[in-house]
Amino acid sequence: MPKVLIADKLSPAAVAIFKERGVEADVKTGLSKDELLAIVGDYDGIAIRSATKITTEVIKTAKKLKVVGRAGIGVDNVDIPAATAAGVIVMNTPFGNSITTAEHAIALMMALARELPAANASTHAGKWEKNRFMGVELYGKTLGLIGAGNIGSIVADRAKGLKMKVVAYDPYLSPERAGDLGIEKVELNDLLARSDFITLHTPLTNETRDIISADAINRMKKGARLINCARGGLVDEGALKAALDSGHLAGAALDVFEEEPAKTNVLFGNDKVVATPHLGASTAEAQENVALQVAEQISDYLLTGAITNALNMPSITADEAHRVRPWITLAEKLGLFAGQLTDTSMLGVDILYEGTAGGLNTRALTQAALAGLLKPALADVNMVNAPVVARERGIKVSETRRDRQGIYDGYIRITVHADGLARSVAGTVFSDGRPRLIQIKDINLDAEFAPHMLYVTNEDKPGFIGQLGTLLGDSKVNIASFALGRSAPGADAIALVEVDGELGEKALADIRKLALVKQAKLLAF
């Protein structure tokens, strides 16, 4: 009988599910680090919330550990790379608290509009300052959504019920999906200028960090109000304080902060700020939902090998894993390649599986491809939730399988459709199990994926390769490998250069200035 340690407080119903499914569950909460290390080696699975830290040391000590299940979304308390290296599946429950978080955003917006916290404190103090608190109506106001995924779309639905006009900025939101939601898709600057209220529902990535910067705040309508129930770090808190102090913004409501727990913050004490201690997922219903889900997911994996909502593995059975794993790696890297080259809204993705690839679990391969494709913009995407994320954004996904027709036993081709253009990339797995690029934009080449790569499209003219190599040499950049391809002599060509270390912005700018260069971009794998 598998054994699971419930290390954080979960609903009693979760314990009942483990026992009903034939999994032994021990409830031991509030363990110190040393206490956890002393017993963790006895367990096949661990169920946690946010308190228990699953560190590298814990994973190394837990020799029997097969799965960690987080009842909730965030897994900052789990060392996922260490878990992956040890073959430990890390699962979360990404959709159990969507409604709760969306409702909290609406509640904060209402509290902000009517100054409820300050009015409550004043009334309790016996002041009866009826004329002091002059709020604003939500009716007829424009709500700007930054992020229109699962939670954002629920907020939009609730806001429409309040008769608000909803506009949304989301690079992955298609016009068709926006139409289905009854909202208007706009660019960020347009949203900032038009919105009376702005609410954030996007993950924290390199692209979204400080998306509400000083410059963005200056572009916002005077008197606008800001709500953040998503992630700390999306808002420049110092710039927000300055905007509130100057009167440019009328208020802000924050459930998340750049440093948590937030015992001190530059915004604390400001009567224009409504603050809550990361309560977005804190309702009885949400806690029950995520507890039940994590118990079911852990039990399924330990008893049948089924994987659901894993952050470091796709949904495949244990029997399939060995044969399909190299192709999963290829699919994800092809998606990541295409995603890094796509700067506009994706409308559709076509994936072709030929030969050997077509006989595998293509659902898992497609999940891996979509995860790679979406990862440059959405850090929280994984191989399990990627199809849901794509569907929420109106990205149409199609799969085609066919028998072997070319020189390769099997290959995968991903074609991305975006703003009237179609870009494709193809790859295969060689006998050594390593994934290879074999085609980009119908141009044949042969290249391995590498941590640092330079992608260049250019006119095929004499002297170009020498110019590029000389420029890289002058920039003290060492070339590890150099793959070339062209559509025809003198026509379009591609250079894919693996370099040792990162290429500086100056060197990249100099490459873009070369006479024959059409595009130059840095890629990372």
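What's counted below: heavy atoms across the whole structure, side chains too, no hydrogens, waters or symmetry copies.
- The environment of Glu207 atom CD is dense: over 12 non-hydrogen atoms of other residues, nucleotides or ligands sit within 6.0 angstrom.
- Put simply, the side chain of Thr208 never gets that close to the backbone of Ile211: no donor and acceptor are under 3.5 Å apart.
- Under the ring pair (Phe, Tyr, Trp, His ring centres under 6.0 Å) criterion, Phe268 pairs with Phe257, sequence neighbours left out.
- Legend: residues meeting side chain to side chain donor-acceptor pair (under 3.5 Å) with Lys241, ordered by chain and number and at least two apart, are Asp245.
- Taken from CD in Glu260 to CG in Asn265, the straight-line distance is 9.5 Å, to the nearest 0.5 Å.
- Formation of a donor-acceptor pair under 3.5 Å by the Arg70 side chain with backbone atoms of Val90 is not found in this model.
- Within the 4.5 Å cutoff, the side chain of Val274 has no heavy atoms near those of the Leu254 side chain.
- In this structure, the side chains of Arg225 and Ile198 stay at 4.5 Å or more apart for every pair of heavy atoms.
- Remark: the backbone N or O of Glu285 is paired with a side-chain donor or acceptor of Asn289 at under 3.5 angstrom.
- Taking the six-membered ring where the residue is Trp, Phe449 and Phe525 present perpendicular rings, their angle passing 60° and hence far from 30°.
- Using modelled atom types, one side-chain atom of Lys272 and one backbone atom of Leu244 make a donor-acceptor pair closer than 3.5 Å.
- The shortest distance between side-chain heavy atoms of Pro175 and Leu347 falls below 4.5 Å.
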Evaluate side-chain hydrogen bond (donor to acceptor under 3.5 Å, both in side chains) for Asn77 paired with Ser50, printing each intermediate quantity in order.
-> CA-CA 6 Å; Asn77 53 328; Ser50 58; 5.9 Å; no
Could you walk me through whether Asp79 and Thr56 pass the side-chain hydrogen bond (donor to acceptor under 3.5 Å, both in side chains) check?
-> CA-CA 6 Å; Asp79 190 326; Thr56 301; 2.6 Å; yes
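- A donor-acceptor contact shorter than 3.5 Å links the side chain of Glu237 to the backbone of Glu258.
- Within the 4.5 Å cutoff, the side chain of Pro171 has no heavy atoms near those of the Met346 side chain.
- At a threshold of 4.5 Å between non-hydrogen side-chain atoms, the residues Glu24 and Val4 do not count as touching.
- Within the 4.5 Å cutoff, the side chain of Asp42 has heavy atoms near those of the Lys3 side chain.
- Using a 4.5 Å heavy-atom cutoff, the side chains of Glu35 and Lys28 are not in contact.
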Could you go through the salt bridge (charged side-chain N to carboxylate O under 4.0 Å, His left out) check for Arg393 and Asp170 one step at a time?
-> CA-CA 8 Å; Arg393 284 156 175 76; Asp170 188 325; 3.4 Å; yes
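- With rounding to the nearest 0.5 Å, the separation of CG in Leu173 from CD in Glu392 is 10.5 Å.
- Salt-bridge formation is detected for the pair Lys165/Glu184: a Lys NZ or Arg NE/NH1/NH2 atom is positioned less than 4.0 Å from an Asp or Glu carboxylate oxygen.
- Side-chain contact check for Ile212 versus Leu240: every heavy-atom pair is 4.5 Å or farther apart.
- Nearest heavy-atom pair, Ala102 versus Ile154, reported as atom, atom and distance to 0.1 Å: CB-CG2, 3.5 Å.
- For the residue pair Tyr353 and Thr366, a side-chain donor N or O sits within less than 3.5 Å of a side-chain acceptor on the partner.
- For the residue pair Thr276 and His104, a side-chain donor N or O sits within less than 3.5 Å of a side-chain acceptor on the partner.
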Go through the steps for Ser122 and His124 under the test side-chain hydrogen bond (donor to acceptor under 3.5 Å, both in side chains), then give the verdict.
-> CA-CA 6 Å; Ser122 171; His124 275 289; over 6 Å; no
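- Side-chain atoms of Gln293 do not come within 3.5 Å of backbone N or O of Gly72 as any donor-acceptor pair.
- Between Glu57 and Lys33 there is a salt bridge, since at least one side-chain N of the basic residue sits less than 4.0 Å from a carboxylate O of the acidic one.
- Gly433 approaches Pro326 most closely through the heavy-atom pair O-CB, 3.7 Å.
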Take Lys185 and Ser345 through the test side-chain hydrogen bond (donor to acceptor under 3.5 Å, both in side chains) and record every step on the way to the result.
-> CA-CA 11 Å; Lys185 179 180 179 179; Ser345 298; 2.6 Å; yes
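- Between atom CG of residue Leu378 and atom CG of residue Leu370 there is a gap of 11.5 Å, rounded to the nearest 0.5 Å.
- Taking CZ of Arg177 as the start and OG of Ser153 as the end, the distance is 5.5 Å to the nearest 0.5 Å.
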Criterion side chain to side chain contact (heavy atoms under 4.5 Å, CB included) on Met91 and Val67, from CA distance to verdict = CA-CA 7 Å; Met91 301 174 173; Val67 58; 3.9 Å; yes
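- With salt bridges taken as basic N to acidic carboxylate O contacts below 4.0 Å, one links Asp44 and Lys66.
- Side-chain N or O atoms of Asp236 include none that pairs as donor or acceptor with a backbone N or O of Asp210 at under 3.5 Å.
- Counting only distance, with no hydrogens or angles, the side chain of Asn312 and the backbone of Val88 share a donor-acceptor pair below 3.5 Å.
- For the residue pair Ser398/Asp350, the side-chain donor-acceptor check at 3.5 Å is satisfied.
- Using a 4.0 Å cut-off between charged nitrogen and carboxylate oxygen, Glu332 and Lys375 count as a salt-bridge pair.
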Side chains of residues 136-151: which donor-acceptor partners sit under 3.5 Å, not counting sequence neighbours?
| from | atom 1 | to | atom 2 | distance (Å) |
| --- | --- | --- | --- | --- |
| Lys141 | NZ | Glu137 | O | 2.9 |
| Asn150 | ND2 | Ser98 | OG | 2.4 |

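- Between Leu108 and Cys229, the closest heavy-atom pair is CD1-SG, 3.5 Å.
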Would Asn361 and Trp327 satisfy side chain to side chain contact (heavy atoms under 4.5 Å, CB included), going step by step from the backbone distance to the final call?
-> CA-CA 10 Å; Asn361 181 346; Trp327 290 92; over 6 Å; no
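- In summary, the side chains of Thr308 and Gln297 do not present any donor paired with an acceptor at a separation below 3.5 Å, with no hydrogens or angles considered.
- With hydrogens and angles ignored, the 3.5 Å screen pairs no side-chain donor or acceptor of Arg209 with any backbone N or O of Leu234.
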Residues Leu303, Val23; criterion side chain to side chain contact (heavy atoms under 4.5 Å, CB included); working and verdict | CA-CA 8 Å; Leu303 297 172; Val23 176; 4.0 Å; yes
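- With 3.5 Å as the limit, one finds no donor-acceptor pair spanning the side chains of Tyr169 and Asp190.
- Across every non-hydrogen atom of Ala364 and Ile328, the tightest pair is CB-CD1, 4.4 Å.
- Of all heavy-atom pairs between Ala14 and Leu292, the closest is N-CD2, 4.1 Å.
- Residue Leu373 forms a side-chain contact (heavy atoms from CB on, under 4.5 Å) with just one option from Val416, Leu334, Leu336, and that option is Val416.
- The main-chain N or O of Thr123 is never found under 3.5 Å from a side-chain atom of Asn120 such that the two would form a donor-acceptor pair.
- Taking each heavy atom of Ser299 and Phe18 in turn, the nearest pair found is OG-CD2, 3.3 Å.
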Evaluate the criterion side chain to side chain contact (heavy atoms under 4.5 Å, CB included) for residue pair Leu31 and Ile39; output intermediate values, then yes/no.
-> CA-CA 10 Å; Leu31 296 173; Ile39 66 171; 3.7 Å; yes
